[in-house]
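Read the structure below first, then the notes.
Chain identifiers are assigned alphabetically (A, B, ...) following the order of the sequence lines, protein sequences preceding nucleic acid strands; residue numbering begins at 1 within each chain. Since the structure is predicted, the reported quantities are computational estimates derived from the model, not experimental observations.
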There are 2 protein chains.
Amino acid sequence: MPEEPRRQARGQRRMVQLLDAAAVVFAEAGYAKATTNAIARQAGVSPGTLYQFFANKEALAEALAERYRSELAAAHQKAFDPGTAQLPLPELVDRMIRPMVEVNLENPGFKALFGSGDLPDKLTAPTRALQKAVTGRVAEVLAARYPGLPTDRLETTAAVATQIFAALLGTIVTTPAAHRERWITELNQALVGYLTPLEPARSGSCG
Amino acid sequence: MPEEPRRQARGQRRMVQLLDAAAVVFAEAGYAKATTNAIARQAGVSPGTLYQFFANKEALAEALAERYRSELAAAHQKAFDPGTAQLPLPELVDRMIRPMVEVNLENPGFKALFGSGDLPDKLTAPTRALQKAVTGRVAEVLAARYPGLPTDRLETTAAVATQIFAALLGTIVTTPAAHRERWITELNQALVGYLTPLEPARSGSCG
DNA sequence: GACAAACGCGAGTAAATGCTCGCATTTTCT
DNA sequence: AGAAAATGCGAGCATTTACTCGCGTTTGTC
């Protein structure tokens, strides 16, 4: 197999440019209907140039998914001081939700790679990686808050919470900003409702 | 536009056969990657024959969605005696969930038309119709249980509940039957948790 | 400056795919 | 029986699309 060429500064910039273009086109058309020619055009580049940097459409999607993965990790790291896990549940959930919604609003292509279930088998890999990264984060937080929870129960809960999140994400990001808060509240309530049974009984709750 | 020919019994059977085949192929490949030639082959029929009965791929999907819509309605009608709405919340949710899961298990193509977000714009119509039918059912039940709820709040709640359901449906139907119950329980808990705040306070709950 | 490697182009290709068309067979109607 | 309508076939068309290739330009290194 041909080895990766040693990239020049110009090439690195082109790659960023192409990923940006891919994000736009994926967001507009979805992965399946997005064409590599359209991505090249969006980047102001010829199809040949695109293939100088990415072996195929799948590799492009993979690289884009990797970018999102790292942006997500950064956003979460910024939102989690140590001690966050001890906050009241609604606030904890809020702190997990907001950064992810923001990443989604800033990166239009995210949903196309994260949410959709109708992708060709080959793309399952990058998508699964994204989902797994998110689920992993959620699991960490749950583990910090509920130290007594058995591992398998924890993983199940994290998976369900992530899927609920993914389900409402589409509605949230496609809603005009004016009414967006309403759906975020709704998502918050759904997650809080799902997680509340795990909370230890609060003293004084029946004052 | 050419009017629909008067179908013979043979033709009606072919249409059923083609819808069955479409369901299988959609389920295996997803809508986008499913080819009409493959559907015809699956039905043991030539491509020309397929187009004798369905104007195009979209019309095929539409007819399939309509079939699912009616199966769903039948399943729900069977599950709802009058008075069901007054059951304890977990049981009510269970009664809503089970028939839909069953319909999904019996109809492999359902998820491909119901769940996926990456569909071409044209298919948005049948998909939306399916989602709307389900959401409508949910809204009816919620209206019966919570008569005081304002309409917009009711619709929002129904939409969210439906999306949560759709999100976990994929996991449920792809899980081997042995572990399926576990995920159904999880879905139940998520929905109960989300809806509990709407319940009127139970007397004696702090006995 | 000279050489190689990376970059860039865009017409072109092979394969896939939704769909058509001419023609043959079967069913329905009178 | 005979006409008309419905059903059936499958080679093949028109289009799309991921990807290639030959060749020219720019960049980095000595």
For Pro5(B) and for Ala9(A), find the nucleotide of DNA chain D with the closest heavy atom, then tell me which residue's nucleotide is more 5'.
Pro5(B)
Send over the distance from Phe54(A) CZ to dT20(D) C1', rounded to a whole Å.
18 Å
Do the side-chain N or O atoms of Thr36(A) get closer than 4.0 angstrom to the phosphate oxygens (OP1, OP2) of dA18(D)?
yes
Answer yes or no on whether Lys111(B) is positioned over the face of Phe26(B), meaning its NZ or CZ is under 6.0 Å from the six-membered ring centre and within 45° of the axis.
no
Before giving the answer on salt bridge (Lys or Arg N to Asp or Glu O under 4.0 Å), spell out for Glu181(A) and Arg98(A) the whole-Å C-alpha distance, their side-chain angles and the decisive distance to 0.1 Å.
CA-CA 11 Å; Glu181(A) 208 52 43; Arg98(A) 300 245 169 231; 2.6 Å; yes
For the student: nearest non-hydrogen atoms of Tyr51(A) and Asn56(A), plus distance:
CE2-CA, 3.8 Å
From CG of Asn37(A) across to C1' of dG12(C) the rounded distance in Å is 12 Å
Output the rounded distance in Å from CD (Gln17(A)) to P (dG8(C)).
8 Å
Pick the closest DNA chain D nucleotide for Pro47(B) and for Lys57(A) by heavy atoms, then say which residue is nearer the 5' end.
Pro47(B)
From dT20(D), dT27(D), dT28(C), nucleotide with atom closest to Gln8(B) side chain:
dT28(C)
Roughly how many Å is it from CZ in Arg7(B) to C1' in dT26(C), rounded to a whole number?
15 Å
Do Arg153(B) and Glu186(A) sit within salt-bridge range, that is, some charged N less than 4.0 Å from a carboxylate O?
yes
Roughly, in whole Å, what's the span from CZ in Arg6(A) to P in dA5(C)?
12 Å
How close or far is atom C1' of dG24(D) from atom CD of Gln52(A), stated in whole angstroms?
13 Å
Does Gly11(A) reach a base, just sugar-phosphate, or nothing at all? Heavy atoms under 4.0 Å.
sugar-phosphate
Need one value for Ala34(B): base, sugar-phosphate or nothing, where a base atom within 4.0 Å counts as base even if backbone is also close, heavy atoms only.
sugar-phosphate
Nucleotide dT27(C), atom P - distance to CD of Gln12(B) in whole Å:
16 Å
